[in-house]
Amino acid sequence: MNNYNLYDLIKLRKNFLEKEFSQMNNMQQSAIFHVNGPLLILAGAGSGKTTVIVNRIANMLTYGDAYSSDFIGELADSDIIKIKNYIEQNCNIDTDTKNLLAINKVNPCQILAITFTNKAANELKERLYSKLGNCANDIWASTFHSTCSRILRAHAEKLGYSNHFTIYDTEDSKRLVKDCQKSLNIDDRILSYRSIISEISHAKDNYLSSQEFKNNVGNDFRLQKISEVYSLYQNKLQEADAMDFDDLVLNTVKLFKLFPEVLEYYQNKFKYILVDEYQDTNHIQYMFINLLAKKYKNLCVVGDDDQSIYKFRGATIENIMNFEKNYPEAMVIRLEQNYRSTKNILNAANAVIANNVNRKGKNLWTNNDAGDKINVHTAYNEHDEANYITNVILDEVSRGRKYSDFAVLYRMNTQSNILEKTFVKSGIPYRIIGGFRFYERKEIKDMIAYLNVINNPSDEIRLRRIINYPKRSIGEKTINTAMELAHQHQTSILEIIKRANEFEDLKRSSSKLMEFSILIENLIEASKKLSLSELYNLLLEKTNYIKALKEDKENNEDRVENIRELASNIIKYEQENGESANLPGFLEEVSLMTDIDNYDSKSDSVVMMTIHSAKGLEFPVIFLPGFEEGIFPGIQATYNQSEVDEERRLAYVGITRAKEKLYILNTDSRMLYGSTSRNKISRFTQEIPSELINKTRARDWKKLEPGTVVSKSLYETRIQSAQSARNFGQGVIHQEIDHQTYNIGDIVTHKTFGQGIIISVKPMGNDNLLEINFDNIGSKKLMSNYAKLSKNS
DNA sequence: CCCTGGCCGCTTTTT
DNA sequence: GCGGCCAGGG
C-alpha cells in the first residue's frame, strides 16, 4: 500500500484528466467531464461544439466517469510518480498506467449520438475514428431518421410493415396526397395539397394517429376533409409498405409505447445519449429521445437557442428552453468563447441577436483580433450586387486567396441565378448547394423508382411514376382501374396487371400491361442473382431509358450524364459496403441522403447556398446579398414578431459563419419574380453599430444616362476580371487565347477545372458560351474570352 | 393517350 | 421570369 489516501488519488486523477484535455477551456472541460446525468450544453456559434462532443465521448470511453469517487484501482508508488511527472513536467505516460485511472469506462456500443444531417453524422464518425480508432465504429452516430429506420428495420413486422419497407421522400408523399385528394374529390383550389401535407405532418409531429385526428376535428369542415385525406393517405402508405419521413420517428415512438420490452432493450443498450442541434428538434423527436433516456437519464443535449431556424418545419425552441424543467437535476454549461470569428464580426452578430426577446441569454466573446470592419455595400441592382461580389472575389484571389475561401449565403434559392450567370462570365469556379438536388432530379427519381419497384412491387406511387415512362401507352385511366381492381381483389397491382387479360376493364391495354409486368418480374428475378451495378445496367438496357431520354428532348445530355453519375454512385456504394451491399441498403441510403452531404470542401470553388444550409459551416469570407426589407426579413415575416425573430436568428447564423471578412449587401432596386421593387436596407443591417461598419455604395445611378448603368458596370467588371485572371495565371495562360476560336471536340485545359473536351459552342454577343466536359468534374459552361482556357494541340 | 398553351404563384426545408 | 399544372384539342 502506498502513502496516498483516497482523497489524494481523486485529486491526482482530476489533475491528470485536466492535463489530458488541457487544450480545452474550463467550460469545455466541465462539459467533457460530465458523464452521468442530464446535461445541457448551450454552445454559441464557433465555440468548438463538435470538438467538445468528440472529446466528451473520448473521455467516456477511455477514462469513464471523471467525477466518480469509486476509486478502486490500487496505484503503485512508481505509477503515482509517473503520473505526477506527467502532470508537472512534460513527460510521457504509458497506456497501462493511463488505464489504471479509468473508472466505469463506457462501452462504445452504449452510446447513441444523434445529429440532424448525414454530413454532421459522418463528420462526427470520422473525428471519433481518428481519435479513438476502431472502437469508434461501435458508436451509433447517425441522424434521427436513420437511427429510427435502423430500429424499425428490426421490428417493423410488429407494426404491420415488412423489414424492407420503403421510405417516401417529400415528393413521393406529395404525389400520394394528391392521389388521395383526387379520389376524395377535394378541389385543390379550395383545400390545397400543401396545407393538407402540412396539417398531416403537424398531426404526426404531435403523435396524433389519423383516428385520433378524426376524433378531434369536431364541426370544422376543413379539418374533417383533411382527416379524410389523412386516413386514406395512411392506409395507402401501409398498403404500399411505405413510411414517410415523419412516420420513421412516429412509428419508432409507437413501437416504444406499444412494446415496453423493446423500449427497455434500447434504454439498456443506449445508456448514454447525445443530441446535437437540440434547438431544432420537434415534438415527436423530443418524445423519442425522452423515452430512450427515461431510465438512465444520461442525456446530453447540445444546442443554441439563437440558432433555431427551423420553426417552420415544426422545430420547437421550447425543447431547449424547457430542458431544465424536464430535468431539474440537469447541469447547464454555456460555451461562450468563440474561436471562429474576428471581434468585429462577433460584435455585429451579438448586436443583431440582442434585439430578440425570450432568449436563454449568452454572451459570446473572442480572443481573436478585431479584424476588418464589416463591409456594408449598397449596389444599384441585383446585377451590380453580383458584380460587386465577383470583383471582390477576383481581387482577393489575385492577392492569394483560394476560391474555396468564399461563400455566398442568401435567403432564397432564386437569388443564386444572377450570381451564377455572373460567375460563369468571369470564369469563377463555383458550386451551388441545395436548390435542385441530385436525387431529386426527374431522371434519377425515375431510376430510383424502378429500383424501388423491384425491391417492393407494392410501392404504388413509384410504380405509377414509371409505368408509362419510357412511354408504353398506359394512361392514367388504365392505371386507376388496375389499382381499383387490386383493391377489390385484395392483391398487389403488379398481380393485376400480370393477369390483365382476365379483366374486362383492362382488355384494351392488356398486352401493354402484361409486357410491363414481365419486364418488372424479370428484373426482380435478375435482382436475386446480379450485383447492384449489374442490375442497374440491365435495367437501363431493358427499359431503353437512355434512348427514351434522347428522343424526348434534344437537350437531354445532362440527364443522360446524371444517369451515368448514378451508376458511379452505385459502384461507390458497393465499394464502401463490400459484401453487405444490397438493393434495400442502397435505397435506404439514397432516401435519407441530401445534397449538403455531398458538399466537399476540398475542391477549390466558391460555394453558394441558402443560409439555412450553411448552418454548422464556416468560411474565411462571407457574402450576404439581399439584406433588404421584404427579402430578409421576408415580406410574410414582417407582420409577425415571432417570425421576425426567427429571421433575425437566421441573420445571426449567416453573420457567424464568417471567420475573417463579412460583406453585407443590399440594392437600390431589385427585380424579383419578374417585377422590380425598391426595398429599404434591412433592419438587421441597421442593428449593427455603425462603428463596426465600413459603408460603401455604388455611384448614384440616377445621375447616369438611363439604360447605360448595367452594361457599363458589367463592362468594368469584365475588364477587371480579365486582368485579374491574367495576373493570377502565373504565365501559363496566354493573352492571345482571348480571341481564339473553339470548335466542338477541341481538347482544352482550364486553370482550375483541368482538361476537358468542348461539347458545344454558342455565340453570345462578341463572346462564345462554351460547354466543356471536364475529365474530373463533369460539364461546365464558360465564356470563352474569360475562361482562362488553353488549347491542347 | 399525348401534346401544347395559358395561367398561377412564388421562403426557408437538416430527413 | 420561370416552372409546374391543368384543360382542351388532336
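Note that the structure is a prediction, hence the values are computed from the model and not measured. By convention in this document, chain letters (A, B, ...) are assigned in the order of the sequence lines, proteins followed by strands, and residues within each chain are numbered from 1.
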### Query
If only side-chain N and O atoms of Tyr673(A) are considered, is one of them under 4.0 Å from the OP1 or OP2 phosphate oxygen of dC8(B)?
no

### Task
Whole angstrom is fine here: how far is it from NZ in Lys178(A) over to C1' in dG4(C)?
8 Å

### Message
Exactly one of Arg678(A), Arg670(A), Arg411(A) should register a side-chain hydrogen bond (donor to acceptor under 3.5 Å, both in side chains) with Glu628(A). Which one does?
### Response
Arg670(A)

### Message
Checking one value: the base orientation of dT11(B), syn if chi is within 90 degrees of 0, otherwise anti.
### Response
syn

#### Entry: Separation of dC2(C) P from Glu420(A) CD (nearest whole Å)
13 Å

### Summary
Within residues 631-647 of chain A, those residues having any heavy atom closer than 4.0 Å to DNA chain B are Gln636(A), Glu647(A)

### Gap between atoms CD and C1', on Gln285(A) and dT13(B) respectively (whole Å)
13 Å

### Query
So with a 6.0 Å cut-off around CD of Glu515(A), is the heavy-atom count from everything else above 12?
no

### Query
side chain to side chain donor-acceptor pair (under 3.5 Å) with Ser198(A): which residues, sequence neighbours excluded?
none

### N-O pairing of Lys174(A) and Glu171(A) below 4.0 Å
no

### Task
For Asp169(A), check salt bridge (charged side-chain N to carboxylate O under 4.0 Å, His left out) against everything at least two apart and list the hits.
Lys445(A)

### Query
Hey, are Asp305(A) and Arg649(A) close enough for a salt bridge, meaning a charged N less than 4.0 Å from a carboxylate O?
no

### Task
Answer yes or no: does a side-chain N or O of Thr610(A) lie under 4.0 Å from OP1 or OP2 of dT13(B)?
yes

### Query
Are Tyr233(A) and Asp244(A) close enough that a side-chain donor and a side-chain acceptor fall under 3.5 Å?
yes

### N or O in side chain of Asn413(A) less than 4.0 angstrom from dC10(B) OP1/OP2
no

### Task
Would you confirm whether Ser509(A), through its side chain, and Lys512(A), through its main-chain N or O, come within 3.5 Å as a donor-acceptor pair?
no

### Message
For Glu687(A) and Arg683(A): C-alpha separation, side-chain torsions, deciding distance, then whether salt bridge (Lys or Arg N to Asp or Glu O under 4.0 Å) applies.
### Response
CA-CA 6 Å; Glu687(A) 285 162 4; Arg683(A) 66 189 78 185; 5.8 Å; no

#### Entry: Donor-acceptor pair between Gln279(A) and Glu277(A) side chains, under 3.5 angstrom
yes

#### Entry: Residues from residues 300-320 of chain A lying under 4.0 Å of DNA chain B - heavy atoms
Tyr310(A), Phe312(A), Arg313(A)

### Task
Tell me, please, which residues at least two apart from His155(A) pass ring-ring contact (aromatic ring centres under 6.0 Å, His included).
Tyr266(A)

### Query
Rounded to whole angstroms, how far apart are CG on Leu672(A) and C1' on dC2(C)?
12 Å

#### Entry: Atom pair distance, as rounded to whole Å: CG in Asp205(A) and C1' in dT13(B)
14 Å

### Query
Can you check the Asn282(A) CG to dT13(B) C1' distance for me, whole Å?
13 Å

### Task
Would you mind reading off the distance between Lys421(A) atom NZ and dG1(C) atom C1', rounded to a whole angstrom?
9 Å

### Task
At under 4.0 Å between heavy atoms, which parts of nucleotides 1-7 of chain B does protein reach? Answer with one letter per nucleotide, 5' to 3': B base, S sugar-phosphate only, - none.
SSS----

### Query
Among side-chain atoms of Ser201(A) and Arg313(A), is any donor-acceptor pair under 3.5 angstrom?
no

### Task
Return the value, rounded to whole Å, for the distance between atom CD of Glu171(A) and atom C1' of dG3(C).
14 Å

